Amino acid sequence: QFQIVESGGGLVQPGGSLRLSCAAPGFGLQHYAIGWFRQAPGKEREGVSCISSSGGATNYADSVKGRFTISRDNAKSTVYLQMNSLKPEDTAIYYCAAGVSYSGSFALYDYDYWGQGTQVTVSS
């Protein structure tokens, strides 16, 4: 029962930080490229960041460059999204997705497995 599970979302004040985690319990994500996506109310899903299976290649949406960092743990079993200097416009449901190869893009068809999302709310 391979599944993607996100965690770490919550309510944070503008300027604050959160770290999201993505995992596949009992399996690990070491064989997959990983993308983070988000969807705000009334808006389409958009790519945020992605990382290769080795962790050697990453990409970021322009809107989060310099503020967000994607990384993998040493065993590559878990992927993280460190979010700093959060803004109200970062409020969204954040989804983790796994693909069999890394393209460096945020095309939805590059990703085969999706988590159910974790809510991030940035508000005073």
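A quick note: this is a predicted structure, and the numbers were derived from the prediction, not measured.
- Side-chain contact check for Gln119 versus Tyr94: every heavy-atom pair is 4.5 Å or farther apart.
- Listed for the Glu6 side chain is a donor-acceptor partner under 3.5 Å among the backbone atoms of Gln116.
- At a threshold of 4.5 Å between non-hydrogen side-chain atoms, the residues Trp114 and Arg45 count as touching.
- With sequence neighbours excluded, the residues that form a ring pair (Phe, Tyr, Trp, His ring centres under 6.0 Å) with Tyr111 are Phe37.
- In terms of heavy-atom proximity, Ser105 sits nearest to Cys50 at O-SG, 4.0 Å.
- Closest approach of Cys96 to Ile4, counting heavy atoms only: O-CG2, 3.7 Å.
- Shown here for Thr91 and Ala40, the closest heavy-atom pair between the two residues is O-CB, 3.5 Å.
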Practice problem: List the steps and the verdict of side-chain contact (heavy atoms from CB on, under 4.5 Å) for Thr121 and Val12. | Solution: CA-CA 6 Å; Thr121 302; Val12 65; over 6 Å; no
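- Between Ala92 and Arg38, the shortest heavy-atom contact is CB-CB, 3.7 Å.
- In this structure the side chain of Trp36 reaches within 4.5 angstrom of the side chain of Cys22, judged on heavy atoms.
- By the criterion of side-chain heavy atoms lying less than 4.5 angstrom apart, applied directly or through intervening Ile, Leu, Val, Met, Phe, Trp or Tyr residues, Leu86 is grouped together with Leu20 in one hydrophobic cluster.
- Scanning for ring pair (Phe, Tyr, Trp, His ring centres under 6.0 Å) contacts around Tyr109 gives an empty result, with sequence neighbours left out.
- For the pair Ser53 (side chain) and His31 (backbone), a donor-acceptor distance under 3.5 Å is absent.
- Side-chain contact between Leu29 and Lys76 is absent, with no heavy-atom pair separated by less than 4.5 Å.
- Counting all heavy atoms, side chain and backbone alike, Tyr60 lies closest to Thr69 at OH-CA, 3.4 Å.
- Cluster annotation: Phe106 and Leu81 are assigned to distinct hydrophobic clusters (Ile/Leu/Val/Met/Phe/Trp/Tyr, side-chain heavy-atom contacts under 4.5 Å, transitive).
- Contact of the Ser77 side chain with the Gln30 side chain is registered, since non-hydrogen atoms from C-beta on lie closer than 4.5 Å.
- Using a 4.5 Å heavy-atom threshold, the side chains of Val79 and Ile51 count as touching.
- A donor and an acceptor atom, one from each side chain of Ser49 and Asn59, are nowhere located under 3.5 Å apart.
- Taking 4.0 Å as the cut-off between side-chain N and carboxylate O, Asp90 and Lys87 do not count as a salt-bridged pair.
- Residue Leu18 is not grouped with residue Tyr95 when hydrophobic side chains (ILVMFWY) are merged at heavy-atom distances under 4.5 angstrom, including chains of intermediate members.
- Put simply, Leu108 and Ile93 are part of the same group of oily side chains (I, L, V, M, F, W, Y) that touch within less than 4.5 Å, one to the next.
- Heavy atoms only, all atoms of each residue included: Gly47 and Ala61 are closest at O-CB, 3.5 Å.
- Considering only heavy atoms from C-beta on, Phe68 comes within 4.5 Å of Val48 through its side chain.
- Side-chain contact check for Met83 versus Val120: some heavy-atom pair is nearer than 4.5 Å.
- Grouping the Ile, Leu, Val, Met, Phe, Trp and Tyr side chains by contacts below 4.5 angstrom, directly or via other members, places Tyr80 apart from Tyr32.
- In this structure, CD on Gln82 lies 5.5 Å from OG on Ser17, to the nearest 0.5 angstrom.
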